[in-house]
Amino acid sequence: MNDLHGIIFAYRENSDLRELVQLRNTCSVPFGGRYRLVDFALSNMVNAGIDDVGLIVYTSYQSLLDHVGSGKDWDLARKRGGLRILPPFSFAGKHGGRYRGRMDALAGVYSYLKTIRQDYVVLASGDLAANLPINEAFEQHIKSGADITAICSDTTYTDPRLCNYFSIDSQDKIVDVAASPSEVKGDVASLEVYILSKSLLMSLVDQCAAHDVSSFSQGVLLANLGKLDMRCFRFDGYIARVVSVAGYFQQNMALLDPGIRSDLFRPDRPIKTKDQSNPSTYYGPQSESVNSLISDGCIVEGTVINSILARGVRVEKGARVENCILMQRASVQEGAVLRYAIADKNVRVCQGRMLMGHGTYPLVIAKNEIV
Amino acid sequence: MLLAGGQGSRLKALTSKVAKPAVPFGGKYRIIDFPLSNCVNSGIDTVGVLTQYKPLELNSYIGSGQPWDLDVMDGGVHILPPYVQEDEKGTWYKGTANAIYQNLSFLEQYDPEYVLILSGDHIYKMDYSKMLDHHKAVGAACTISVMEVPMEEASRFGIMNVDHNDKIYEFEEKPKKPKSNLASMGIYIFTWSKLRDYLIADEKDEKSSNDFGKNIIPAMLNAGEIMTAYRFKGYWKDVGTIDSLWDANMDLLSPIQSGFDLYDPDWPIYARTSVRPPQFIGATGTLKHSIATSGDEIAGTVENSVLFHSVTVEEGATVRYSILMPGAVVKRGAMVEYAIVAERSTIGEDAHVGADKSDREDWGIAVVAQDVKVGDGAQVDAGAMITRNIKGVKA
């Protein structure tokens, strides 16, 4: 056991993802074929040797709970500690159970925070796809003696309105914060992963609750500029935060690049996901598959080009799938043609149908729909 | 009770480090996954796995039984190696019947009404609960699962001769002139109280080879016990030889013709797996009439083959009619045909393993054992068995 505790904010709502978040929140959106976004945060923590993880949820979390279950697939189903799911109303029902910001959420699970047995806590959001070396950031945190360490990137990886930018000095100390600006500012972008001690976290939650400050950026980062020693840990690997359908499409397609794939799926820090006991994938005699990422349990008898297939997908004879993302158990029947489409879980595209979107506006077929 | 102690010597290099039931099969599985999954799907929640030969990998594979839902409070999966008994006269399992005899105390702990005896070297899907229904309906002491085989092949099997009610009156092991074509599948259900008596009696007979087929079944027949044949229809394959293992893997590529479908949601086959990224078929890759598994990276041409997880086929390489086990690597320009490449072995650039099917007398499936490196440009003949690294050949 190491001395770090994980807390994942697994509730981001994001209406720009349209049909993809109709029945789930952003953290359980499928990604990279067989994964869900939350798999990255969970695996990053487990790979850093973290034994105890709290998962804060509050909206459309049925699909998320179904996915994480007891935490067994991440080795988090433990007698002591392991995964704790923290739904709203479990402690206090302020603001109708809605969390206006991360400090609200932490105040909402205050009794849970008190039971944390580790001296340090890492906070992360559950919708970031990246393979983060949290243990290296933790080592730096201890060595540098910082109060708060933020994992940051030199790239502007997402919509600036969804993250904080820091100006830093030569020692990587944070000297200014631009909270959710309308355009990129500062030197580095925050991945919204923070390491701090449990005692500091508790006192910050107390302070923010006392002054009714709900936002982490306002109540922690901005309020403590110059008061606390805040530093950044630089991460230069691949990062994806899904903010729009077109972005989601491109970020998935990026995984067809072997360099990005090997950066995200490293054997030394494996990304784990729910086990479904699928057989291998069957490719029929007349099938054709090119430049595609295909999960187990699929039956491919038609043509699949530049696409990403999740588990249990069927592409029947004569069907053609190009530049598409097909989620779990989607099926494309004989002779149907799909281009630039995202077919959600269980979607069925019947014989001979033709559906086309565009790279900048991929067509989304909502979960369980039959075309 | 799953007999998993067999050496599997006919699988040669593939069982040099593991017991036969732990040999990989069908992309994601090992042979033992089939009887284990059949048990769970049939509602059996207490399974003893009898191990003896090279058990390390098999033991760790089975572990707590969690992948098969056999990690339960009462029952579950138990690994049963031979051990030193109270009289300090421990021996290896002398035969299949002796293996069960040595575990009398395990069985008595559960005090079952019926015992199902299975072997760990067959690929099939079967609902044992239906066989048990048959056993109960007949009121038999022993039920033996049989299937019809072509008469001309019957002399390769243990043959059951039955009356019009499928009651067994005679058992013949590999008869020269078979009287029926009902072959034993090595699956037995016994009424435990009966079997117990015969096991104890058999153990006292010093001449006995303590084997179900050779001793227990004939003894029960002689004593006039009610023994019945349960007819099984469907896919069943003994994968005890290189050829039959290759054949059974290839059967998965034509599920309709072979009648063996791994994608049936009502009868899932479970396996212990770890998560790897989805398989990637590159822009230069072709994958046709094949099975591929997570972690595979395919930039070459793959046809009519079964690929286990984490296999790499580089650009310009060709794989046809072959089985590539986990972690196998086929380098640029290499050709692998009619071959089995075992775990983590590498086929060097422009090397050639195996040969197209021919009538040549010495033609056969080429086998490269696990952790072997076949050097660049090297040639491996059809039917060869490679257990050591082969040096590359300079072009």
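Proteins come first, then strands; the chains are lettered A, B, ... in the order of their sequence lines, and each starts at number 1.
- If you measure heavy-atom distances from B:Pro277 to chain A, the contacts under 4.5 Å come from both the backbone and the side chain.
- Within 6.0 Å of atom CG in A:Asp268, more than 12 heavy atoms from other residues, nucleotides or ligands are found, so the atom counts as buried in its surroundings.
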Requested in this report: Any chance you could lay out the side chain to side chain contact (heavy atoms under 4.5 Å, CB included) test for A:Tyr283 and B:Leu253, step after step, and finish with the verdict?
Outcome: CA-CA 8 Å; A:Tyr283 297 84; B:Leu253 302 182; over 6 Å; no

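- For A:Arg266, no part lies under 4.5 angstrom from a heavy atom of chain B.
- Both the backbone and the side chain of B:Ser294 come within less than 4.5 Å of a heavy atom in chain A.
- At a 4.5 Å heavy-atom cutoff, the contact between A:Asp275 and chain B is made by side-chain atoms alone.
- Residue B:Tyr29 touches chain A through its side chain alone, counting heavy-atom pairs closer than 4.5 Å.
- Atom NZ of B:Lys373 has 12 or fewer heavy atoms from other residues, nucleotides or ligands within 6.0 Å.
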Requested in this report: Any chance you could lay out the side chain to side chain contact (heavy atoms under 4.5 Å, CB included) test for A:Ile294 and B:Phe280, step after step, and finish with the verdict?
Outcome: CA-CA 6 Å; A:Ile294 298 176; B:Phe280 180 70; over 6 Å; no

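- Of all the listed residues (B:Arg272, B:Lys288, B:Gln279, B:Glu297), the one sharing the greatest number of non-hydrogen pairs under 4.5 Å with chain A is B:Gln279.
- The only member of B:Ile291, B:Leu252, B:Leu262 that meets side chain to side chain contact (heavy atoms under 4.5 Å, CB included) when paired with A:Tyr282 is B:Ile291.
- At most 12 non-hydrogen atoms from other residues, nucleotides or ligands lie less than 6.0 angstrom from CZ of A:Arg348.
- Proximity to chain A is absent for every atom of B:Glu303, based on heavy atoms less than 4.5 angstrom apart.
- At a threshold of 4.5 Å between non-hydrogen side-chain atoms, the residues B:His309 and A:Asp296 do not count as touching.
- Taking all atoms of both residues into account, the shortest heavy-atom contact from A:Gly33 to B:Pro278 is CA-CG, 4.3 Å.
- At a 4.5 Å heavy-atom cutoff, the contact between A:Lys72 and chain B is made by side-chain atoms alone.
- Taking chain B as the reference chain and counting heavy-atom pairs below 4.5 Å, the highest number among A:Ser277, A:Pro279, A:Ser295 is found for A:Pro279.
- When atom types are taken as modelled, the side chain of B:Arg276 and the backbone of A:Phe265 share no donor-acceptor pair closer than 3.5 angstrom.
- To the nearest 0.5 Å, atoms CD1 (B:Ile281) and OG (A:Ser307) are separated by 10.5 Å.
- Chosen from B:Pro67, B:Ser290, B:Pro268, the residue pairing most often with chain A at heavy-atom distances under 4.5 Å is B:Ser290.
- Within 6.0 Å of NZ on A:Lys367 lie more than 12 heavy atoms contributed by other residues, nucleotides or ligands.
- Around atom OH of B:Tyr321, no more than 12 heavy atoms belonging to other residues, nucleotides or ligands sit under 6.0 Å away.
- If you measure heavy-atom distances from A:Leu256 to chain B, the contacts under 4.5 Å come from both the backbone and the side chain.
- Contacts between A:Arg261 and chain B at a heavy-atom distance below 4.5 Å involve the side chain alone, from C-beta outward.
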